[in-house]
Amino acid sequence: MADQVIRENSMTLEFLSLPENVGLARVAVATFAAQVDITLNEMEEIKVAVSEAVSNAIIHGYDGEPRGKVRVTAERDSSGLTITVTDWGRGIADIAQAMQPAFSTDQERMGLGFAFMQSFMDGLEVTSEPDQGTQVRMFKKYKGERPGN
Ligand SMILES: Nc1ncnc2c1ncn2[C@@H]1O[C@H](COP(=O)(O)OP(=O)(O)OP(=O)(O)O)[C@@H](O)[C@H]1O
Ligand SMILES: [Mg+2]
């Protein structure tokens, strides 16, 4: 990574809110992320964060029904990788509450999706409007010198 020249690049992926598309998004973003030299561990963290955000869009944004569009973008510059996951679904009324670890509106769930995104990425921003949709923006920094990498 230290001497690597990182070229800017971006991609957009759009799909319907079907559960099988979680894997599609994860693989697409992982392949994009792998175009530069990152560690296996960083790759795993990115995959989990993308899976959690896309699962939320499908499960919560559209109540698990295949009626909505989900958009995933990935952009890289020399400082890092920015991933956005957008839905046009139900939205979140209280974002701060939703982001608290172990908070879920579904009793069957752990409420840990946002906690994973927060701890695995270097930045997390959520914007949402009830009945308009939700956008999750995540940033993963490219580390500088990493001996042993
Ligand atoms: N895209 C979204 N649209 C609407 N509501 C959302 C969205 N993403 C998250 N939420 C709300 O935020 C809450 C917390 O999300 P989080 O991912 O942390 O937990 P969870 O999805 O409930 O459980 P887990 O991710 O552990 O299965 C959800 O229960 C839901 O109410
Ligand atoms: Mg979740």
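Note that ligands are numbered from 1 as they come in the structure, with each ligand's atoms numbered from 1 the same way. Treat the numbers as computed from the prediction; the structure is a model and nothing was measured.
Evaluated for a side chain to side chain contact (heavy atoms under 4.5 Å, CB included) with V50, the options V29, V27, V22 yield exactly one hit, V29.
Under the 4.5 Å side-chain heavy-atom criterion for Ile, Leu, Val, Met, Phe, Trp and Tyr, M99 and V48 are members of distinct hydrophobic clusters.
The side chain to side chain donor-acceptor pair (under 3.5 Å) test applied to T84 returns T73, not counting sequence neighbours.
Under the 3.5 Å distance criterion, the side-chain polar atoms of D122 are matched with a main-chain donor or acceptor of K141. Judged by distance alone, with hydrogens and angles left aside, the side-chain atoms of R90 form no donor-acceptor pair with the main-chain N or O of G133 at under 3.5 Å. The closest donor-acceptor contact from the side chain of D77 to the backbone of G80 lies under 3.5 Å.
A donor and an acceptor atom, one from each side chain of E52 and S55, are nowhere located under 3.5 Å apart.
Within 4.0 Å of ligand 1, counting heavy atoms only, the contacting residues are E52, N56, A57, H60, G61, D87, G91, I92, A98, F103, S104, T105, R109, M110, G111, L112, G113, F114, T134.
Shown are the protein N/O/S atoms under 2.8 Å from the Mg ion (ligand 2), given by residue and atom: N56 OD1.
Here the shortest heavy-atom pairing between L13 and A25 reads CD2-CA, 3.9 Å.
Legend: salt bridge (Lys or Arg N to Asp or Glu O under 4.0 Å) pairs involving residues 15-34, not counting sequence neighbours: none detected.
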